[in-house]
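Quick caveat: nothing in here was measured; it's all calculated off a predicted structure.
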Amino acid sequence: MVESKPQYKPVWMERKKKDKPAKPQKQEPLERVTPTIGRNLRADQMLVYDSELDDIDYTDEEDLPEARDYMPIRFRRYGRVGVAGGILYALFVISVSIVLACAAWMMASDVLALNKEEVSAVVTIEAYEPTDEDTFNEEGNAVNEDGEEIQVDIDQVATVLKNAGIIEYKWLFKLYSQFSSADTKIDPGTYDVSTELDYRALVTTMQFGSGSQEVTRVTFPEGYTLSQIFALLEENNICEVEELEEAAANYDFDYDFLADLELGDANRLEGYLFPDTYDFYQGESATVAINRFLRNTSNKLTEEMEEQAASMGYTMHDIIIIASLIEKEAGSDEERATIASVIYNRLNAGWTLGLDSTINYILGSSTFELTSDDLAIDSPYNTYLYAGLPAGPICNPGLASIEAALNPESTNYWYWYSYETDSGTWVTEFFSTSDEFNAFAAEHPYS
């Protein structure tokens, strides 16, 4: 029995030349083979695709070309998806869905603080540094498209939180911050944060006054100058000296006792930064930090004090100047009212006060070994050269010195001399005449 073999299905035809060339169609290249299956083709026969039959005109036999040898060509094979292919495709779709679902869950866990390992950290957020590409408001501060002041650089915030292990995805936090305008809500400072906080809680937490903001307690002794106070604030990472000086000179703090002090000089606040213990947020603004002092001063200076100063023929600013002199010269609370009496006696007589503390203020030092050149410095603070009060306070006095300035003793003293004893204590002696003063000074080295 002869095995049946597959047969080519030839189409006997003779090609016709068309009036217009047909649009070329992409097809498998012809392959010349020797037909061994079925019957042999004649010279005027060829094997073609069924699709090619549509381009042939059978009606006009006159235009048929001469016969050529055509050999059978290989049929195109169209692939079809079977059951196995469908299963593989379904598995691919399921796998992709699982991956996307896992990614979405991981991102949602980061945003919503779900099932995160407990981590706590103290992070410091720096203030935003404007660039030339920023838009600025009338105050010169960088603002966003809505005109809101930009407080922080969100990229820096995201980096700090990522490095501290609080968030997993920087890009996701930055994306959230962009939609929530977090760069205008987060304040520079140091904060205590944890992975228990979601993105919204993190933004709320990193704001001034929040319970998680890192607090630093700083004590300022009586007699500290403005420069010493600012240096101590910078030392404790509250704010920088340059920012404090700028705010002290140019910010118009709304207090009656500052109303007559012109803007432009940071020293206008000298004497009004009340010495005390304060709690500050690390990285808080200079105006906020300074305002803590001024608010305390405002609470200490009463209307009765102003009335008492006026009854003495002085302004409250004069009283603060006198109190600052007392603060620098007194060695103990018991001496303050007596020193105040000497100051008033000299002022009333039109004498120079001749206080070394005013020279030290000019020099920015605290030496007892002043030279003749030091005493000759031409400055409105030099009480050796100029009679009356110096140009302003020389330190920030405490309440005891202010009270002494308002309530001086009534004495006949015109001089005092302070010295350190062998035991290390300081003693102040008072004198009514220059002879008594000079005789005592000759017996005790000035130290």
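With a 4.5 Å cut-off on side-chain heavy atoms, F230 and I290 count as touching. Looking at heavy atoms from C-beta onward, E148 lies out of side-chain contact with V143 at the 4.5 angstrom threshold. Side-chain contact between Q308 and N407 is present, with at least one heavy-atom pair separated by less than 4.5 Å. Between L363 and I377 there is a side-chain heavy-atom pair separated by less than 4.5 Å.
R336 and E329 are not joined by a salt bridge, as no carboxylate oxygen comes within less than 4.0 angstrom of a charged side-chain nitrogen.
Side-chain atoms of S120 and S194 form no donor-acceptor pair, as typed in the model, at a separation below 3.5 Å. Looking at S357 and N360, their side chains never bring a donor and an acceptor atom within 3.5 Å of each other. Under the 3.5 Å distance criterion, with hydrogens and angles disregarded, a donor-acceptor pair is assigned to the side chains of D378 and Y386. N396 and Q228 share no side-chain donor-acceptor pair at under 3.5 Å. Side chains of Y128 and D134: a donor-acceptor N/O pair is present below 3.5 angstrom, by distance only. A donor and an acceptor atom, one from each side chain of E334 and S332, are located under 3.5 Å apart. For the residue pair E409/S341, the side-chain donor-acceptor check at 3.5 Å is not satisfied.
For the ring pair (Phe, Tyr, Trp, His ring centres under 6.0 Å) test with F440, the passing option among W416, Y419, F430, Y415 is Y419; the others fail.
The six-membered or imidazole ring of Y272 lies away from that of F253, with a centre-to-centre distance of 6.0 Å or more. With ring centers used as reference points, F257 lies under 6.0 Å from Y255. Taking the centre of each ring, F220 and F293 come in below the 6.0 Å mark.
Counting heavy-atom neighbours within 6.0 Å of E240 CD, excluding the residue itself, gives a total of 12 or less. Other residues, nucleotides and ligands place more than 12 heavy atoms under 6.0 Å from the CD atom of Q156.
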